[in-house]
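Right, one structure below, let's go through it.
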Amino acid sequence: MSTRRHLAVFTTASLPWMTGTAINPLFRAAYLAKDGDREVTLVIPWLSLRDQELVYPNKIVFGSPLELEAYVRRWIEERISFRPSFSIKFYPAKFSKELRSILPVGDITECIPDEVADVAVLEEPEHLNWYHHGRKWKNKFRRVIGVVHTNYIAYVKREKNGQAIACFMKYMNTWVTRIYCHKVTSTPYITTVKIPRIMIIRLSGATQDLPRSVVCNVHGVNPKFLEVGKLKLKQLRNGEIAFTKGAYYIGKMVWSKGYRELLDLLSKYQSKLVGLEVDLYGSGEDSDEVRKSAELLGLAVKVHPGRDHADPLFHDYKVFINPSTTDVVCTTTAEALAMGKIVICANHPSNEFFKQFPNCRTYDSGEEFVQLTLDALAEQPAPLTDMQSHDLSWEAATERFMEAAELNLPISAEPRIHQTSKASLPAFMRTRKLKQSLEDASVYLHQALSGLEVTRRAFGAVPKTLQPDEQLCNDLGLAPAKKKRLKLKLMT
């Protein structure tokens with residue numbers, strides 16, 4: 001392996017699905033590759049035409065991976081000031097209606113050739129590994145880093161039998177991240193052992209605590225939002241009216257995204273919020289119910305279809321209200337701050353990163369929410385400093401990621417422990433060997449369970465996703481599953 005890093009960024013979603021795990025890993029790949037010091041591959045799911053119709057908005061579908069790759073590249077190039085130099089690969093996937101998620105099919109570690117398998121960045125490591133049946137990530141890659149995006153526990157608690165499901169999911173998430181994300185990459189039977197490192201990055205304290213994890217926001221905002229912020233700052237300094245609209249919220253229109261909390265607050269305190277106008281933007285399963293609930297209020301709350309937050313329509317709003325407590329780090333909150341707006345949000349671990357910005361106002365009670373909202377509508381936002389703008393950028397997010405993941409040292413500079421023989425191993429190395437043996441047994445158990453169709457289906461996997469079907473194989477140019485099994489049999 002050369003001293004140049006090879007990073008493979010695996011994620012659980014792809015454009016045109018406008019979700020955080022489609023957008024943020026795409027920006028991460030672009031900025032990791034920006035300086036040319038690293039080779040970066042973005043690995044995203046490929047769905048069959050039937051699943052694309054279920055997932056992608058506005059009836060957008062793609063006949064081949066090349067078409068989707070062109071769409072993704074065009075989208076990112078329109079939003080950054082440089083030409084991204086990362087490559088794109090696809091893994092076979094299926095959409096689960098029950099989980100409302102895209103799930104990998106087969107062994108997705110095969111997407112990266114062994115000779116360049118250096119660093120794997122697993123965006124949503126728990127999600128990628130719930131049903132993983134294939135090569136152990138830590139055996140293939142020198143370093144496996146997980147970036148936890150989603151507060152799955154908070155979501156499932158809102159479902160039927162949510163407490164029981166959350167308890168099981170908490171255990172499952174801990175299990176798969178422990179065994180598949182790095183702690184020790186080798187055993188005392190080979191020449192060197194890497195010093196254990198933190199390999200799980202939690203975007204905020206809102207996620208469940210996981211083994212070997214550190215809390216660090218490694219996300220930035222689309223540069224277009226920072227450009228809007230600079231324009232608004234210029235208008236304010238020139239004495240112009242920068243904001244002509246009041247308050248709004250944008251997010252996927254499902255109750256769990258904060259709409260219930262917001263409408264409850266507006267309903268309880270509408271006598272104190274007389275004259276308040278709030279616009280809600282979003283599309284989702286609960287759109288009709290949200291619209292009906294808003295119509296019952298005595299306040300002017302209008303519900304609109306979802307649209308891109310970068311749309312000029314949003315530039316003139318002064319106050320962004322986000323009462324959600326299910327997010328990990330809310331992308332739209334960061335975008336609103338970048339555009340120079342005042343943000344009203346709950347005092348919650350998911351908003352900890354935003355508290356450093358003077359335009360972020362957090363509340364602990366309904367009374368505080370009312371006062372903060374009225375104050376925000378009556379005053380002008382504080383100007384963003386250059387340092388604050390930088391902290392919101394993807395350049396700064398990439399710096400934080402490299403530091404948190406300990407990737408800012410060249411491979412040759414990584415500390416190692418050299419050893420001479422098994423008998424001379426110090427006590428802590430023998431303890432590590434025992435832990436490694438237990439971990440290997442845990443991996444074996446997970447592989448055994450994830451290799452049985454009945455077990456997979458019992459725990460929510462899409463039926464017949466142990467290997468890609470004929471359509472996915474044809475789309476991606478993969479060998480049919482039967483031929484792959486025969487090849488493995490001949491090799492053994």
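Worth saying up front: this structure is predicted, and the values here are computed from it rather than measured.
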Heavy-atom donor-acceptor pair, [X] side chain to [Y] backbone, under 3.5 Å:
X      : Y      : value
Glu123 : Thr21  : no
Asp118 : His6   : yes
Ser283 : Gly306 : yes
Arg28  : Val218 : yes
Glu53  : Lys59  : no
Glu126 : Val176 : no
Asp51  : Leu47  : no
Arg457 : Leu452 : no
Glu67  : Gly63  : yes

> Is the Tyr269 to Phe369 ring centre distance short of 6.0 Å?
Replying inline: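 When the ring centroids of Tyr269 and Phe369 are compared, they turn out to be at least 6.0 Å apart.
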
> Between Phe314 and Tyr281, does the ring centroid distance fall short of 6.0 Å?
Replying inline: yes

> Is there a salt bridge (charged side-chain N to carboxylate O under 4.0 Å, His left out) between Asp286 and Arg260 once you walk through the steps?
Replying inline: CA-CA 10 Å; Asp286 299 326; Arg260 188 179 301 282; over 6 Å; no

Applying salt bridge (charged side-chain N to carboxylate O under 4.0 Å, His left out), name anything that partners [X], two or more places apart in sequence or on another chain.
X      : value
Lys224 : none
Arg100 : Glu159, Glu285
Glu352 : Lys355
Arg307 : Asp311

> Would you call the rings of Trp394 and His219 parallel, tilted or perpendicular if under 30° counts as parallel and over 60° as perpendicular?
Replying inline: tilted

> Should the pair Phe10 and Phe141 be assigned to parallel (<30°), tilted (30 to 60°) or perpendicular (>60°) ring geometry?
Replying inline: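 Correct class here is perpendicular.
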
Validation row: [X], [Y] side chains within 4.5 angstrom (heavy atoms):
X      : Y      : value
Leu266 : Leu276 : yes
Leu68  : Trp46  : yes
Leu7   : Phe86  : no
Val254 : Tyr259 : no
Phe357 : Asp391 : yes
Val329 : Ser350 : no
Val462 : Tyr131 : no
Lys257 : Asp327 : yes

> Hey, mind stepping through Glu124 and Thr12 against side-chain hydrogen bond (donor to acceptor under 3.5 Å, both in side chains) and telling me if it holds?
Replying inline: CA-CA 7 Å; Glu124 294 204 305; Thr12 55; 2.7 Å; yes

Atom [atom1] in [X], atom [atom2] in [Y]: separation rounded to 0.5 Å?
X      : Y      : atom1 : atom2 : result
Leu32  : Met402 : CG    : CE    : 6.5 Å
Lys89  : Leu476 : NZ    : CG    : 12.0 Å
Thr362 : Ile344 : OG1   : CD1   : 9.0 Å
His149 : Thr19  : NE2   : OG1   : 10.0 Å
Leu26  : Ile23  : CG    : CD1   : 8.5 Å
Arg361 : Ile321 : CZ    : CD1   : 12.5 Å

> Of Val43, Asn129, Leu128, Leu122, which meets side chain to side chain contact (heavy atoms under 4.5 Å, CB included) against Ile108?
Replying inline: Leu128

> Mind checking what makes side-chain hydrogen bond (donor to acceptor under 3.5 Å, both in side chains) contact with Lys252, not counting sequence neighbours?
Replying inline: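 side-chain hydrogen bond (donor to acceptor under 3.5 Å, both in side chains) list for Lys252, sorted by chain: empty.
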
> Which residues pass the side-chain hydrogen bond (donor to acceptor under 3.5 Å, both in side chains) test with His309, sequence neighbours left out?
Replying inline: Tyr248, Glu335

Please identify each residue that fulfils ring-ring contact (aromatic ring centres under 6.0 Å, His included) with [X], with sequence neighbours left out.
X      : value
Tyr91  : none
Phe95  : none
His132 : Trp137, Tyr180

>> One pair to check against salt bridge (charged side-chain N to carboxylate O under 4.0 Å, His left out): Asp308 and Arg79. What are the steps and the verdict?
In response: CA-CA 13 Å; Asp308 192 328; Arg79 288 159 176 79; 3.7 Å; yes

> Side-chain donor-acceptor pair under 3.5 Å between Thr465 and Arg456, yes or no?
Replying inline: yes

> Partners of Lys245 by side-chain contact (heavy atoms from CB on, under 4.5 Å), sequence neighbours excluded?
Replying inline: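 For Lys245, the residues satisfying side-chain contact (heavy atoms from CB on, under 4.5 Å) (neighbours in sequence not counted) are Leu313, Asp316, Tyr317.
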
>> Under the ring pair (Phe, Tyr, Trp, His ring centres under 6.0 Å) definition, can you give me all pairs with a residue in residues 97-122, not counting sequence neighbours?
In response: none

> On the ring face of Trp75, is Arg73 found with NZ or CZ under 6.0 Å from the centre and within 45° of the axis?
Replying inline: no

> Ser324 and Asn322: side-chain hydrogen bond (donor to acceptor under 3.5 Å, both in side chains), yes or no, with the steps?
Replying inline: CA-CA 6 Å; Ser324 176; Asn322 182 6; 4.5 Å; no

> Going through the distances and angles, do Ser87 and Thr41 end up as a side-chain hydrogen bond (donor to acceptor under 3.5 Å, both in side chains)?
Replying inline: CA-CA 5 Å; Ser87 58; Thr41 302; 3.0 Å; yes

Show me the donor-acceptor pairs, under 3.5 Å and distance only, between side chains in residues 291-303 and residues at least two apart or in other chains.
| from | atom 1 | to | atom 2 | distance (Å) |
| --- | --- | --- | --- | --- |
| Ser293 | OG | Glu289 | O | 3.1 |

>> Checking Leu203 against Cys216 for the side chain to side chain contact (heavy atoms under 4.5 Å, CB included) test, could you report, in this order, the C-alpha distance in whole Å, the side-chain angles of both residues, the deciding distance, and whether it holds?
In response: CA-CA 5 Å; Leu203 297 177; Cys216 182; over 6 Å; no

>> Working note: Asp114 + Arg135, criterion salt bridge (charged side-chain N to carboxylate O under 4.0 Å, His left out); need CA distance, chi angles, decisive distance, verdict.
In response: CA-CA 11 Å; Asp114 288 0; Arg135 193 164 174 187; 3.0 Å; yes

